[in-house]
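Chain naming here is simple, since letters A, B, ... match the order of the sequence lines and numbering starts at 1 in each.
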Number of protein chains: 2
Amino acid sequence: MPFKLAMKAPRPLSDEALALIARRFAVLAEPTRLRLLHALFAGEKSVNELVELTGGTQANVSRHLQTLAHAHMLGRRKEGLQVFYAIADPSIFKLCELVCGSLEKSLNKQAEVFAQ
Amino acid sequence: MPFKLAMKAPRPLSDEALALIARRFAVLAEPTRLRLLHALFAGEKSVNELVELTGGTQANVSRHLQTLAHAHMLGRRKEGLQVFYAIADPSIFKLCELVCGSLEKSLNKQAEVFAQ
DNA sequence: GCTTTATATGAGCATATAGTTATATACGAG
DNA sequence: CTCGTATATAACTATATGCTCATATAAAGC
């Protein structure tokens, strides 16, 4: 029973589907979580490493990591006392690339207004 | 002075850039706004049409349209009493495609757990 | 000018969420 | 077993945001 949905399908999307998609974007709509993802672009890291790299508190970092893991964006493995997280969803890379691109355009559009 | 940024650049992203990117995702992290975008995938529409298509109140729809327009995701033109909105940022299509794809995977992954 | 229509926006309320403090739990070393 | 370390989580607070109601503003017709 594979689950199939597409935003550009002509059929209407259910409220449930929209909520799920929105939730997906919401997970990424948070600077701290983006900071964590960015740190993990370089490869798997422990919670402690991420705490140091992002400058956040251990509790806060842990909470955000949980959110990302529950969304299956991160994979998690434990080794003794340490827990390691890594990017588990490759589409994250493409997503961020797209958003940065359209953000650049948006900013350039704003810059044009000032240039006039 | 073109503005250039990329999520996968090895240089650290400023807090400002992360906030802007997060804000970008936040605009999409809302079912009503997704519903509006979905309706506009079919082409330009007036506010009133969007109110009917989405079943939202005029006030709420108008407010969300403003958010999307301010983010340069929608373009806006006025004709007499009516205002028409249309998708202005083509990367929206690709964005939603990517998110739907990874959401499917995430749901299928969950379905696997139940299948066992 | 007056009335109607279409849209944007102010103000208020309810809910969600980020960050913090404190602490529970698991793991490892002595 | 005790103590220290690493991480997750409960509880609380402050802030942001979605939605609604009311209304301001613009445009069109008579």
Side-chain angles (χ1 to χ4, degrees), chain A residues 15-16 18-40 44-86 88, chain B residues 13 15-40 44-86 88:
Chain A
D15 286 351
E16 285 170 352
L18 287 174
L20 287 174
I21 298 171
R23 183 61 219 160
R24 203 86 176 151
F25 281 119
V27 168
L28 297 168
E30 220 293 305
T32 300
R33 287 202 284 275
L34 289 178
R35 200 172 286 120
L36 288 168
L37 287 168
H38 188 56
L40 290 168
E44 183 186 70
K45 292 186 195 306
S46 72
V47 176
N48 218 9
E49 287 174 291
L50 291 168
V51 168
E52 290 175 4
L53 283 173
T54 62
T57 65
Q58 177 271 317
N60 200 30
V61 166
S62 185
R63 184 182 288 282
H64 283 304
L65 287 171
Q66 182 185 62
T67 300
L68 289 165
H70 282 176
H72 299 114
M73 292 182 182
L74 297 186
R76 180 185 188 277
R77 72 176 179 90
K78 193 165 185 179
E79 193 175 297
L81 275 185
Q82 299 198 298
V83 176
F84 292 84
Y85 288 90
Chain B
L13 281 174
D15 286 351
E16 284 170 351
L18 286 174
L20 287 174
I21 299 171
R23 183 63 219 162
R24 204 88 177 150
F25 281 120
V27 168
L28 297 168
E30 221 293 304
T32 300
R33 287 202 285 274
L34 289 178
R35 201 172 285 122
L36 287 168
L37 286 169
H38 188 57
L40 290 169
E44 184 188 68
K45 292 188 194 305
S46 72
V47 176
N48 219 9
E49 287 174 289
L50 291 168
V51 168
E52 289 175 2
L53 283 174
T54 63
T57 64
Q58 178 271 318
N60 201 31
V61 167
S62 184
R63 190 180 286 287
H64 284 304
L65 287 171
Q66 182 185 60
T67 300
L68 290 165
H70 282 175
H72 298 116
M73 291 183 185
L74 297 186
R76 179 186 189 274
R77 72 177 180 90
K78 194 166 186 180
E79 193 175 298
L81 275 183
Q82 299 197 300
V83 176
F84 292 84
Y85 288 90

Can you give one letter per nucleotide of nucleotides 17-25 of chain C, 5' to 3': B if a protein heavy atom sits under 4.0 Å from the base, S if only from the sugar-phosphate, - if neither?
SSBBBB---
The reported gap from CG in A/L34 to CZ in B/F25 (rounded to nearest 0.5 angstrom) is 6.5 Å
From CZ of B/F84 across to C1' of C/dA8 the rounded distance in Å is 16 Å
Would you kindly give the CG-to-P distance between B/L65 and D/dG18, to the nearest whole Å?
13 Å
State the CG-CG distance between B/L65 and B/L74, to the nearest 0.5 angstrom.
6.5 Å
Report the distance from atom OG1 of B/T32 to atom CG of B/L68, rounding to the nearest 0.5 Å.
10.5 Å
Nucleotide by nucleotide, nucleotides 25-30 of chain D touches protein heavy atoms under 4.0 Å in the pattern (B base, S sugar-phosphate only, - none) -BBS--
Donor-acceptor pair, side chain of B/R33 and main chain of B/A26, under 3.5 angstrom
yes
Can you tell me the distance, in whole Å, between the CD atom of A/E49 and the P atom of D/dT5?
18 Å
Any side-chain N or O of A/Y85 less than 4.0 Å from the OP1 or OP2 oxygen of D/dA6?
no
Could you state the CG-P distance from B/L50 to C/dA8, rounded to the nearest angstrom?
10 Å
Find the distance between OG1 (A/T54) and NE2 (A/H64) and round it off to the nearest 0.5 Å.
9.0 Å
Separation of D/dA10 P from A/Q66 CD (nearest whole Å):
8 Å
Going from NZ on B/K45 to CZ on B/F84, what distance comes out if it is rounded to the nearest 0.5 angstrom?
10.5 Å
Measure the CZ-CG distance between B/R23 and B/L20 for me, rounded to the nearest 0.5 Å.
10.5 Å
Please check this pair: side chain of B/R24 against backbone of B/A71, looking for a donor-acceptor N/O pair closer than 3.5 Å.
yes
Without decimals, in angstroms, what is the distance between A/H70 NE2 and D/dT9 C1'?
11 Å
